[in-house]
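Notes for the one structure printed next.
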Amino acid sequence: MGEAWGAPLVLLYLLALRALVQVSHRQLLSPPARGEEREGYLDNITAIGPRTVGSPENEVHTVNYLLEQIKAIESESTDAHKIFVDIQRPTGSFSIDFLGGFTSYYANITNVVVKLEPRGGAEHAVLSNCHFDSVPNTPGASDDAVSCSVMLEILYTLSKSSEPLQHAVIFLFNGAEENILQASHGFITQHEWAKSIRAFINLEAAGVGGKELVFQTGPENPWLVQAYVFAAKHPFASVVAQEIFQSGIIPADTDFRIYRDFGNVPGIDLAFIENGYIYHTKYDTSDRILTDSIQRAGDNILAVLKYLATSDMLAKSFEYRHGNVVFFDVLGLFVLAYPARIGTIMNYVIAAIAFLYLGKKVLQPKNRAINNLKKFFAAFGLMLLSWISTLVTVLIVAVFISLIGRSLSWYTHFYVSVFLYGSAAVVKLILVHTLAKKFYYKNTNDQYLGDVFFDASLMVWSVVLAMITRIGLCSAFICTLWVAFPLLTKLMTHEEFRQKGATMKFVVMYMLGMFVPYLYMMYLSWTVFEMFTPIMGRSGSEIPPDVVLAGFIVASTMILSSYFINFIYLVKSTKTTLITLTTVFVVTLILVCSGIFFPYSSDAANPKPKRVFLQHANRRFHDLDGNLVKSDSGIWINGFDYNGISHITPLVPEINDTIRTPCEERAPFCGLPWILPVHFMFRKNWYLPASEIFPASPIHFKVLTKELTPWNSLRLSFEVSGPSHMSLYIRPHEGSALSTWSLGDGTPVASVGGDYFVFYSRGLQASPWHFWIELTKFDYCDHTKLVVSILKPVSFDAQHEHESVIAHLYQIVSDMKVQFVYDAIIILTINLCY
Ligand SMILES: *[C@@H]1O[C@H](CO)[C@@H](O)[C@H](O)[C@H]1NC(C)=O
Ligand SMILES: *[C@@H]1O[C@H](CO)[C@@H](O)[C@H](O)[C@H]1NC(C)=O
């Protein structure tokens, strides 16, 4: 086999597969299926503006808009159904272990609930959930107005139909999801219709536009996956996504968790995942969502809802509760789904066949068995060695890039990462095997080596297959593909290879045999990179994104190269390939080091903003005796990614490392007003002195009572009033402990670091917040620290003293894309003597 045609052929093969994957992701759709399109919901909801909980936009304007539309739909509905509408304003509290654990309290937030019921009534229901609130400073088109528009459209279609459904469909337009899942909790734990719900579909966004991915189903309840498989017209679903998401490495959560944990209802979680770069930014606008994309989501969800609402299984879901399902779509054309039990058996059978094949080959003829075995394990060892050394080499490059401050060079130009880390990985792999061929296998026949290394790869993947199946992961099906097809290919090409060696014909047959698993692996890698690359722009100041991405690239390289390693031994020379790839790597490295690839982009059509978190804060610190020891005001600045503010300083010199603020160790959560307990992800903070801020609803914080309980603990009760968003931190004094409180289920849940974090929010109207806590093992002058921070969305108008700096800052940062702007206050109240 000659290098001159072998290497380009492999490259061409991979590029062709890549192109096919691209085509499959772009083929959004067939033309609209329904004639009566009612457009404008999405534009009209986003036109209301950012919809934060507690703002009139969210609590009044959007709610009124939804009610009007529902009324209009009702007026056109047929007699087959009845439509009921309810506005719920729940108050409640719960603790979850998301982000290390915290507690949430909500008062009078808003849900708009619609029930579509067959005329004769229905005992069971299926729930469809979207949220109409948004984070500050974004029109929240994709997250999640588009889903609410799709739901209105579906309500319209179903209500116009004269065929009655068998069960009710409940549409929940929930008004507080960005407040970490409060509204869904209020609905599922308090609303009277919640008891009839047997399954749900949740419509979410982790990106903007594109296709919506089914990334979670269950727990268990395989019939739900079946419903999607049967009904969805343009499926996009993967159990791999489910297992990645449920492992917790993506810093996000959805209402799915609330329905599962507090409602005990199984469901399907769908999300738009494309273009996560602008998720939660002001660029999440309706014009960026293709009509195709909406149509596609609508077709899918309507079909699945209809299927569920006419299914006998919904009523008796408990009978079909058990078992997991392996499911994945094939290039968006159809979904394969089968019970995990069958998958397990299939996996073991295929692994066993592979082991048999390998065993037979290595152990025969008997007189050479020991020798064969030795050679086989040497090849196996070399494989592992080449992988480990590749990983180490590429990670060293990634760490170097992070240390010199060139992180995220590939954030806008993704192919930079492929040229940098991908070429380094391939060079290292080829180098190790070329050296092995040259020095270790001096006089061994190429054809024999090619064979042994193929077997070594097969062995690796058979072992991995058996192990992953043993652990119980459904994702093991990938390894099944990765063992079964190569084995078949091997058997198919065996004769040609034995007689003539690595001819062109052999190579072409080999590549054809590998077509399915390689195409699938490419498809999967594309989805993973599509999801994870944007997340690197908001993964905090602590994890170097280059190391993570380089790790992903090495893993993909290892997997995709595994059945081409044998070619290194078959090919006469690797020199040209090595020189070419090394040149690519070195040139890219030099360019990256020179800083030519600016990570972010303000390209209007396709922005990749840098995320910056700004809060205008006043802080007051008291000592344990209640004396004010320090107070200040400033703009608290948080870069959302590893680069911190390094790209801001050249533009706004005021923001530089001299204003880096240390963690205030004696105060909970570093003495900064977090909206969520994410202090462990953002350890680098900057604080630019600024004028004092006067929030529209100032905070009033009162200790109402202090009493000794008969069970000898100290109960303290409080009253707080203030703006729509507040956070409360609690740190009991050393020696005393927080034993119970009026929040959550009564058991206090500590956050990372041991302090307690309570997130408060309210709708437009709420009475003062009353709560109590109980301390045990206190002394009579307990020094429990209570920190209250108020957070309220604010816009930076010309109301500030340091106007020029702030206006300048705001302008620059808004070009770089501010994520949130809040104003905030922290008050530390201490010394609660009995
Ligand atoms: C959206 O708003 C426009 C302008 O006010 C109006 O003409 C249109 O009917 C609205 N569409 C819907 C579906 O609300
Ligand atoms: C909810 O709002 C009503 C008035 O609309 C008020 O009476 C009630 O106290 C509020 N509930 C809470 C928990 O704030």
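Each ligand, and each atom within it, is numbered from 1 in the order the structure gives. In this text the structure is predicted, and so the values were computed from the model without any measurement.
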*Using a strict 4.0 Å cut-off to heavy atoms of Tyr65, name the atoms of ligand 1 that fall inside it.*
12 (C), 13 (C), 14 (O)
*asked:* Looking only at protein heavy atoms, which one is nearest to atom 14 (O) of ligand 2, and what is the separation?
replied: Ser767 N, 2.8 Å
*asked:* Suppose we measure from atom 6 (C) of ligand 2 to each protein heavy atom; which comes out shortest, and what is that distance?
replied: Asn108 ND2, 4.1 Å
_Any donor-acceptor N or O pair under 3.5 Å, side chains Asp133, Asn179_ = no
*What is the nearest protein non-hydrogen atom to atom 13 (C) of ligand 2, stated with its residue, atom name and distance?*
Thr91 OG1, 3.4 Å
*Any idea which atoms of ligand 1 are less than 4.0 Å away from a heavy-atom of Tyr41?*
13 (C)
*Applying side-chain contact (heavy atoms from CB on, under 4.5 Å) between Ser727 and each of Tyr760, Trp674, Phe757, report the one that passes.*
Phe757
*Are any of the side-chain nitrogens in Glu774 or Arg715 under 4.0 Å away from the carboxylate oxygens of its partner?*
yes
*For atom 5 (O) of ligand 2, closest protein heavy-atom neighbour*: Gln765 OE1, 3.6 Å
*Which atoms of ligand 2 have any heavy atom of Ala766 under 4.0 Å away?*
14 (O)
*Just jot down the ligand 1 atoms closer than 4.0 angstrom to any heavy atom of Gln69, in number order.*
13 (C), 14 (O)
*Can Lys82 and Glu117 be counted as an ion pair, charged N to O under 4.0 angstrom?*
yes
*Do the rings of Phe171 and Phe173 sit parallel, tilted or perpendicular, given the 30° and 60° boundaries?*
parallel
*So, the side chain of Tyr283 versus the backbone of Ala604: is there a donor-acceptor pair under 3.5 Å, distance only?*
no
